[in-house]
Amino acid sequence: MSTLDTFRTELRALVGPRAFLHRDRTGCALFVCSIKHPAAADDTVPEKLQAAGYLVSSEQDLWHIDLSPNRRVRWMHSLPTAPLPEEEHLRSFCRSLLSQGDVPPELQPWEFLRRTLLYADEGAWEQLYQSLSAELAVLKRSNAPLPSSAAAVIANDYAAWKEKSLC
């Protein structure tokens, strides 16, 4: 089970089971949901989502759904810890993410964390590493706060993915 599955389950309850809800492949939000779908035609859905701690924007018959800043902070504080992945490149990447210690959640770059969640949900570990390593290097060189919560996402989701792939 990926970290996004928790949000996916909650969102399905809010938008309705027949609504077309899927991971945002553009990386601009966590999820997109069709506005034109009959199950998503309820005008109160955006208000329900916002009350649950989501940001909602609409564009071209789609709702783009992301976590609000307050929800992000609460989520990052609740992340469970797991052993770092055994694969050396992911282990090294996680160590780099943690090199500043625990960075306060409100300072961690959300765009980086969002892409980590999206790649991990897809099981695209090589793409995650290749795409985000360069960005992490830029953050480190500029002494910007590091997204240390991404290490917990990677550790937990990789362990779940590895267990699932063994079945």
Got a donor-acceptor contact below 3.5 angstrom from the [X] side chain to the [Y] backbone?
{"X": "Ser78", "Y": "Trp75", "value": "yes"}
{"X": "Asp121", "Y": "Leu118", "value": "no"}
{"X": "Gln100", "Y": "Ser148", "value": "no"}
{"X": "Arg72", "Y": "Pro105", "value": "no"}
{"X": "Asn156", "Y": "Thr3", "value": "no"}
{"X": "Gln108", "Y": "Leu113", "value": "no"}
{"X": "Ser92", "Y": "Glu88", "value": "no"}

Please find the pair of heavy atoms, one from [X] and one from [Y], that lie closest to each other, and give the distance.
{"X": "Leu55", "Y": "Pro69", "value": "CD1-CD, 4.3 Å"}
{"X": "Gly27", "Y": "Arg114", "value": "O-NH1, 3.0 Å"}
{"X": "Asp24", "Y": "Thr26", "value": "OD1-OG1, 2.6 Å"}
{"X": "Ala152", "Y": "Pro80", "value": "CB-O, 3.8 Å"}
{"X": "Arg71", "Y": "Ala52", "value": "NH1-O, 2.6 Å"}
{"X": "Ala155", "Y": "Pro83", "value": "CB-O, 3.5 Å"}

In terms of hydrophobic clustering (I, L, V, M, F, W, Y; side-chain heavy atoms under 4.5 Å; direct or indirect links), are [X] and [Y] co-clustered?
{"X": "Leu117", "Y": "Trp63", "result": "yes"}
{"X": "Trp110", "Y": "Ile154", "result": "no"}
{"X": "Trp125", "Y": "Tyr129", "result": "yes"}
{"X": "Phe31", "Y": "Val45", "result": "yes"}
{"X": "Leu79", "Y": "Leu30", "result": "yes"}

Hey, what do you get for [atom1] ([X]) to [atom2] ([Y]), rounding to the nearest 0.5 Å?
{"X": "Tyr54", "Y": "Asp66", "atom1": "OH", "atom2": "CG", "result": "10.0 Å"}
{"X": "Leu132", "Y": "Phe93", "atom1": "CG", "atom2": "CZ", "result": "5.0 Å"}
{"X": "Phe112", "Y": "Leu139", "atom1": "CZ", "atom2": "CG", "result": "6.5 Å"}
{"X": "Leu14", "Y": "Glu47", "atom1": "CG", "atom2": "CD", "result": "12.0 Å"}
{"X": "Gln50", "Y": "Ile65", "atom1": "CD", "atom2": "CD1", "result": "10.5 Å"}
{"X": "Cys94", "Y": "His89", "atom1": "SG", "atom2": "NE2", "result": "10.0 Å"}

| request: Would you check if Leu97 and Pro147 make a side-chain contact, meaning some heavy-atom pair closer than 4.5 Å? | output: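 They are in side-chain contact.
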
| CG/Asp102: more than 12 non-hydrogen atoms of other groups inside 6.0 Å |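 Atom CG in Asp102 is not crowded, with 12 or fewer foreign heavy atoms closer than 6.0 Å.
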
| query | When you check the side-chain N and O atoms of Tyr158 and Glu87, is any donor under 3.5 Å from an acceptor? | reply |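 Indeed, the side chains of Tyr158 and Glu87 share at least one donor-acceptor pair under 3.5 Å.
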
